[in-house]
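First the structure, in the form of structure tokens, and then the observations on it.
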Amino acid sequence: MEYTDRYKAFCKRMSIYRKLMDYDQAKMAVRVGMTTPEYSNREAGRSMVSGIDLRKFSDSGADIDKMLVDVDEKPCRYVISSEIETFGEESEKEYVRGVVSEHVLYMCEKKIADFSDETVKYIRLLKSIDKDSTKDSMLKCIRDVNGITDQQVISDNLGISRFKYSKIENNKELPDAMVLIRLYDLYGYVPSMYLNLYDVRGRLLDYIFDSMSQKDQEIIMNFINNLKEFV
């Protein structure tokens, strides 16, 4: 395992998080479903923290993005995702999410110059997700957004084999902590987006919605309310 300064800082934040909870390593190990030696080795950087481990940390209440790359969770009102949750079946929610996404992207494209670089980044990612329904992986979308056709390019940038990269891209393996740190440094999307902790499309819609003008927000909300008559 490559024990970089960025990874050392992450391990230190693991320790800080544990101490803030007033847990010793044994108690923290129980909370995240590990043995004490397993947890101790991860916190000390002697063994890699896997994507599964990070999901357990998230379930314990940890802010994965803060822990991994020292970035606070982006403030968000979750307006669109909350509205979509009012629809009944999951199939209805997914349909509405897709239709609303198309409408939001249409409105954004006409005013793209009005948005910050960060919001434009979210718009491009959402557009990639919507463009091809087979893109059920963040990494496929990352390649699309950046015009990268060869997996080898990203695998080389991440310092992992193409075989390992392919497994991660095809959702056969979750990225570990070091891969997530490098992904953030390379492309800027927070690590939690790669761990299937929430619906990324819904989260992007919420981020973009919060950056829209009040008038455009009202148009989107009216659009969603009108959908309730037909779905």
One pair to check against side-chain hydrogen bond (donor to acceptor under 3.5 Å, both in side chains): Tyr106 and Glu102. What are the steps and the verdict? CA-CA 6 Å; Tyr106 172 75; Glu102 289 180 6; over 6 Å; no
Would you sort out whether Lys66 and Val71 count as a side-chain contact (heavy atoms from CB on, under 4.5 Å), showing the intermediate values? CA-CA 5 Å; Lys66 181 70 173 177; Val71 172; over 6 Å; no
Dump the intermediate steps for side-chain contact (heavy atoms from CB on, under 4.5 Å) on Ile112 and Val120, then the final yes or no. CA-CA 7 Å; Ile112 196 71; Val120 169; 4.1 Å; yes
Does the salt bridge (charged side-chain N to carboxylate O under 4.0 Å, His left out) test come out yes or no for Asp150 and Arg162, once each step is laid out? CA-CA 10 Å; Asp150 189 350; Arg162 182 168 182 163; 3.0 Å; yes
Any chance you could lay out the side-chain hydrogen bond (donor to acceptor under 3.5 Å, both in side chains) test for Asn41 and Ser47, step after step, and finish with the verdict? CA-CA 6 Å; Asn41 284 334; Ser47 60; 4.9 Å; no
Trace of the side-chain contact (heavy atoms from CB on, under 4.5 Å) decision for His103 with Met107: CA-CA 6 Å; His103 195 55; Met107 294 180 66; 3.8 Å; yes
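Put simply, the side chain of Val69 does not reach to within 4.5 Å of the side chain of Leu180, judged on heavy atoms. Contact of the Lys111 side chain with the Asp216 side chain is registered, since non-hydrogen atoms from C-beta on lie closer than 4.5 Å. Here the side chains of Ile64 and Arg55 are not in contact, with every heavy-atom distance at 4.5 Å or above. Counting heavy atoms from C-beta on, the side chains of Tyr207 and Leu126 never come closer than 4.5 Å. A 4.5 Å side-chain heavy-atom check between Lys74 and Glu118 finds at least one atom pair inside the cut-off. The side-chain heavy atoms of Lys27 and Asp22, taken from C-beta on, include no pair separated by under 4.5 Å. Contact of the Met138 side chain with the Asn171 side chain is not registered, since no non-hydrogen atoms from C-beta on lie closer than 4.5 Å. Within the 4.5 Å cutoff, the side chain of Tyr194 has no heavy atoms near those of the Val179 side chain.
Nearest approach of Tyr187 to Lys121, heavy atoms of both residues: O-CD, 4.0 Å. The two residues Ser211 and Phe115 make their nearest non-hydrogen contact at O-CE2, 3.6 Å. Here the closest heavy-atom approach between residue Ile220 and residue Met212 is recorded as CG1-CE, 4.2 Å.
Using modelled atom types, one side-chain atom of Asp65 and one backbone atom of Ser192 make a donor-acceptor pair closer than 3.5 Å. Although no hydrogens or angles enter the test, the distance criterion places no donor-acceptor pair under 3.5 Å between the side chain of Glu229 and the main chain of Asn226. Side chain of Ser50 to backbone of Asp176: no donor-acceptor contact under 3.5 angstrom is found. Of the possible donor and acceptor atoms, one in the side chain of Arg143 sits under 3.5 Å from a partner among the backbone N and O of Thr149. With hydrogens and angles disregarded, a donor-acceptor distance shorter than 3.5 Å links the side chain of Glu92 to the backbone of Gly88. Judged by distance alone, with hydrogens and angles left aside, the side-chain atoms of Asn170 form no donor-acceptor pair with the main-chain N or O of Lys172 at under 3.5 Å. Between the side chain of Arg31 and the main chain of Ser60, a donor-acceptor pair closer than 3.5 Å is present. Formation of a donor-acceptor pair under 3.5 Å by the Glu83 side chain with backbone atoms of Met221 is not found in this model. With hydrogens and angles ignored, the 3.5 Å screen pairs no side-chain donor or acceptor of Asp210 with any backbone N or O of Cys76. Asn146 places no side-chain N or O within 3.5 Å of a backbone atom of Ile148 that could act as its donor or acceptor partner.
Annotation: Tyr95, atom OH; neighbour count of heavy atoms from other residues, nucleotides and ligands within 6.0 Å does not exceed 12. Taking a 6.0 Å sphere around CD of Glu89, one finds it holds 12 or fewer heavy atoms contributed by other residues, nucleotides or ligands. Atom NZ of Lys12 has 12 or fewer neighbouring heavy atoms from other residues, nucleotides or ligands inside a 6.0 Å radius.
The hydrophobic cluster containing Phe57 does not contain Val30, counting ILVMFWY residues as joined when their side-chain heavy atoms lie under 4.5 angstrom apart, directly or transitively. Side-chain heavy atoms closer than 4.5 Å link hydrophobic residues (I, L, V, M, F, W, Y) into clusters, and following such links, even through other members, never connects Leu197 to Tyr78. When the side chains of ILVMFWY residues are joined at heavy-atom separations under 4.5 Å, either directly or via intervening members, Met21 and Ile16 end up in two distinct hydrophobic clusters. A chain of hydrophobic side-chain contacts below 4.5 Å, direct or via other Ile, Leu, Val, Met, Phe, Trp or Tyr residues, connects Leu186 to Leu68. Cluster membership for Leu54 and Ile52, using ILVMFWY side-chain heavy atoms within less than 4.5 angstrom, is shared.
Using a cut-off of 4.0 Å between Lys/Arg side-chain N and Asp/Glu carboxylate O, Arg42 and Asp53 are scored as salt-bridged. Using a 4.0 Å cut-off between charged side-chain N and carboxylate O, Lys140 and Asp144 make no salt bridge. By the 4.0 Å N-to-carboxylate-O rule, Asp130 lies close enough to Arg201 to be salt-bridged with it. Lys93 and Glu85 are joined by a salt bridge, as a carboxylate oxygen and a charged side-chain nitrogen come within less than 4.0 angstrom of each other.
Think of Phe163 as one node in a network of Ile, Leu, Val, Met, Phe, Trp and Tyr side chains linked at under 4.5 Å; it has no links at all.
Residues Arg46 and Ser40 bring a donor and an acceptor atom of their side chains to less than 3.5 Å of each other.
In this view, Tyr17 satisfies the ring pair (Phe, Tyr, Trp, His ring centres under 6.0 Å) rule with no residue, not counting sequence neighbours.
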